[in-house]
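Comments concern the structure below.
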2 protein chains.
Amino acid sequence: MALKHISEKTIGRLSLYRRLLYRSSLAGQNNVYSHQIAALSGSTPAQVRRDLMAIGYSGSPNRGYKVGELIKSIGDFLDDPEGMRVGLVGVGNLGRAILSYFSGRRPKLAIVAAFDVDPNKTNRIIHGCRTYATSDFPKVAKEENICEGIITTPADTAQATAEMLVNAGIRGILNFAPVCLKVPPEVFTADIDMTMTLEKVAYFARK
Amino acid sequence: MALKHISEKTIGRLSLYRRLLYRSSLAGQNNVYSHQIAALSGSTPAQVRRDLMAIGYSGSPNRGYKVGELIKSIGDFLDDPEGMRVGLVGVGNLGRAILSYFSGRRPKLAIVAAFDVDPNKTNRIIHGCRTYATSDFPKVAKEENICEGIITTPADTAQATAEMLVNAGIRGILNFAPVCLKVPPEVFTADIDMTMTLEKVAYFARK
DNA sequence: TGTTGTGAATCTCTTCACAGCT
DNA sequence: AGCTGTGAAGAGATTCACAACA
């Protein structure tokens with residue numbers, strides 16, 4: 001497999017394609033054309049073909065792509081074969097909603113532990129996930145082999161939380177707090193900024 | 001003011017700059033340089049200056065930008081002067097977390113009503129927001145002058161929900177359901193796809 | 001015919017680099 | 001000296017357009 005760099009956008013779309021294809025396969029579809037994937041994903045046929053080029057999966061003219069094979073190819077490309085274990089820090093309203101959202105959804109990418117500074121929220125099972133004191137993160141991360149973190153703490157503790165995660169050996173962070181985290185370049189971070197997105201929609205809704 | 005088209009990315013960054021500047025102003029800062037905004041927002045000085053060009057706000061060499069004025073200029077540009085009223089459909093775990101997240105935060109952009117099909121969730125006040133039956137959306141939207149919608153329903157009802165919002169005259173949609181909505185081109189939609197983002201972090205965390 | 005795979009063209013966004021200002 | 005504002009260059013992403021194929 002080529003080591004050519006694959007863009008964040010392409011990775012995002014591949015993740016989306018896989019999820020949509022999974023729905024199609026459940027509906028009994030066996031073959032799919034790039035223009036169908038494009039329609040489902042709000043993309044274009046050329047874009048879809050380019051993205052599939054990146055993972056080296058080939059379809060056949062006149063038959064398109066085999067749905068099952070394509071789902072598997074995307075999975076082989078995106079997923080860690082060992083599975084990826086995730087810890088969530090900040091068991092507030094948003095943190096609990098996210099635990100519920102991901103609960104039991106994808107075995108290869110599961111939230112296996114949650115953390116909070118509030119003793120009332122620790123040593124419980126919330127949406128199927130055990131909760132610990134935030135200060136226990138390094139120990140639990142090692143025991144549970146956690147390598148990705150989700151930050152759903154308040155804004156003013158997000159940076160300190162991120163540094164703790166990095167020191168505990170975490171390699172990727174999904175950040176919901178409305179600040180920009182400063183982390184070493186080898187740690188990948190993505191932000192989900194709901195305020196920014198809501199304001200963007202508000203702006204474009206009028207014009 | 002020029003009608004030149006301003007990109008989605010620039011609008012998103014302006015929203016971010018404003019929020020970060022607001023924190024700086026609370027901390028007593030009066031003037032700010034593009035390189036400081038860049039550091040806070042994870043951007044570059046040139047990028048910041050370009051974005052501020054778009055809204056026609058000028059700083060002064062040697063003094064940079066005045067924090068208060070800049071916040072106001074971004075607000076004049078982004079916000080609807082009347083304020084923007086938002087309705088949320090789908091009062092599950094995620095919907096409630098979002099109600100809590102935005103509750104009382106920004107007067108110019110407030111969630112004023114929430115909707116669900118489950119009678120157990122309607123006719124209540126949740127995180128300061130009144131809940132209604134989803135079927136009442138068109139009526140309430142008119143009464144409350146709602147023009148933006150947030151979809152936090154399950155995936156299989158998201159498209160039908162979107163169509164109902166569009167028929168009720170909504171102009172912008174923020175979608176959390178893991179599907180791509182098909183709406184007329186005059187309706188702006190943004191997706192927050194948590195699964196996709198989590199998978200993206202997982203991918204880039206290992207390499 | 002209608003599809004895939006892909007080089008080339010196009011479009012969009014970001015960064016450079018520097019004149020002009022204080 | 002060190003900043004802003006901006007034309008121009010560069011980088012990156014998307015779309016076009018067509019050969020090859022079933």
Side-chain angles (χ1 to χ4, degrees), chain A residues 1-17 21 24 29-67 69-70 73-74 77 180 185 196 200 203-204, chain B residues 1-17 21 24 29-67 69-71 73-74 77 180 185 190 196 200 203-204:
Chain A
M1 168 115 17
L3 289 181
K4 196 175 54 174
H5 177 254
I6 294 184
S7 75
E8 247 183 87
K9 290 198 172 166
T10 293
I11 297 297
R13 282 189 300 258
L14 286 168
S15 162
L16 176 61
Y17 299 159
L21 287 166
S24 298
Q29 189 172 4
N30 291 318
N31 289 75
V32 66
Y33 298 118
S34 60
H35 65 83
Q36 295 177 304
I37 300 177
L40 286 171
S41 63
S43 186
T44 64
Q47 181 75 78
V48 171
R49 295 200 299 274
R50 235 336 122 217
D51 290 335
L52 298 188
M53 260 179 72
I55 63 169
Y57 181 77
S58 285
S60 82
N62 242 6
R63 295 285 174 85
Y65 307 93
K66 295 192 179 180
V67 177
E69 275 184 23
L70 181 48
S73 289
I74 296 177
F77 187 83
C180 289
M196 187 263 266
K200 200 166 71 173
Y203 176 83
F204 286 105
Chain B
M1 168 113 20
L3 290 180
K4 197 175 55 177
H5 178 257
I6 294 182
S7 76
E8 247 184 88
K9 290 199 172 164
T10 293
I11 297 297
R13 283 189 302 257
L14 287 169
S15 162
L16 176 61
Y17 299 159
L21 287 167
S24 298
Q29 190 171 4
N30 291 317
N31 289 76
V32 67
Y33 298 117
S34 61
H35 66 84
Q36 294 176 305
I37 299 177
L40 286 171
S41 63
S43 186
T44 65
Q47 181 74 78
V48 170
R49 295 200 299 274
R50 212 87 13 236
D51 289 335
L52 298 188
M53 259 179 74
I55 63 169
Y57 181 77
S58 284
S60 83
N62 243 5
R63 297 285 174 85
Y65 307 93
K66 294 191 178 179
V67 177
E69 274 183 22
L70 181 48
I71 291 172
S73 289
I74 297 177
F77 186 82
C180 288
M196 188 262 265
K200 200 166 71 173
Y203 176 83
F204 287 104

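Chain A is the first sequence line, chain B the second, and so forth, proteins listed ahead of strands; every chain is numbered from 1.
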Interatomic distance where [atom1] belongs to [X] and [atom2] belongs to [N] [whole Å]:
X	N	atom1	atom2	answer
A:Arg49	D:dT14	CZ	P	15 Å
B:Tyr33	C:dT22	OH	C1'	11 Å
A:Glu8	D:dG12	CD	P	13 Å
A:Gln36	C:dG2	CD	P	14 Å
A:Ile37	C:dT4	CD1	C1'	12 Å
B:Lys9	D:dA11	NZ	C1'	12 Å
B:Asp51	D:dT6	CG	P	14 Å
A:Leu52	C:dT3	CG	P	15 Å

Exercise. Closest nucleotide of DNA chain D for A:Asn62 versus for A:Gln47: which of these residues is on the 5' side?
Worked result: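 Whichever sits nearer the 5' end wins; that is A:Gln47.
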Looking at [X], does any N or O in its side chain come under 4.0 Å of the phosphate oxygens OP1/OP2 on [N]?
X	N	value
A:Ser34	C:dT4	yes
B:Thr44	C:dT15	yes
B:Arg13	C:dC13	no
A:Tyr65	C:dG5	yes

With side chains defined as the heavy atoms from C-beta onward, is the minimum distance between [X] and [Y] less than 4.5 Å?
X	Y	result
B:Ile6	B:Phe77	yes
A:Leu40	A:Ser24	yes
B:Ser34	B:Leu52	no

For this session: Would you mind classifying the nucleic acid contact of A:Arg50 as base, sugar-phosphate or nothing, using non-hydrogen atoms under 4.0 angstrom?
Result: base
Exercise. With a non-hydrogen cut-off below 4.0 angstrom, is B:Thr10 in contact with a base, only sugar-phosphate, or nothing?
Worked result: nothing
Exercise. So, the side chain of B:Gln36 versus the backbone of B:Tyr33: is there a donor-acceptor pair under 3.5 Å, distance only?
Worked result: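 Yes.
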Exercise. Do A:Tyr65 and A:Asn31 have side-chain atoms, one donor and one acceptor, less than 3.5 Å apart?
Worked result: no
Exercise. Between A:Ala46 and A:Arg63, which has a closest nucleotide on DNA chain C that is more 5'?
Worked result: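 Residue closer to the 5' terminus by nearest nucleotide: A:Arg63.
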Exercise. Considering only D:dT14, D:dG2, C:dT6, which nucleotide approaches the side chain of B:Pro61 most closely?
Worked result: D:dG2
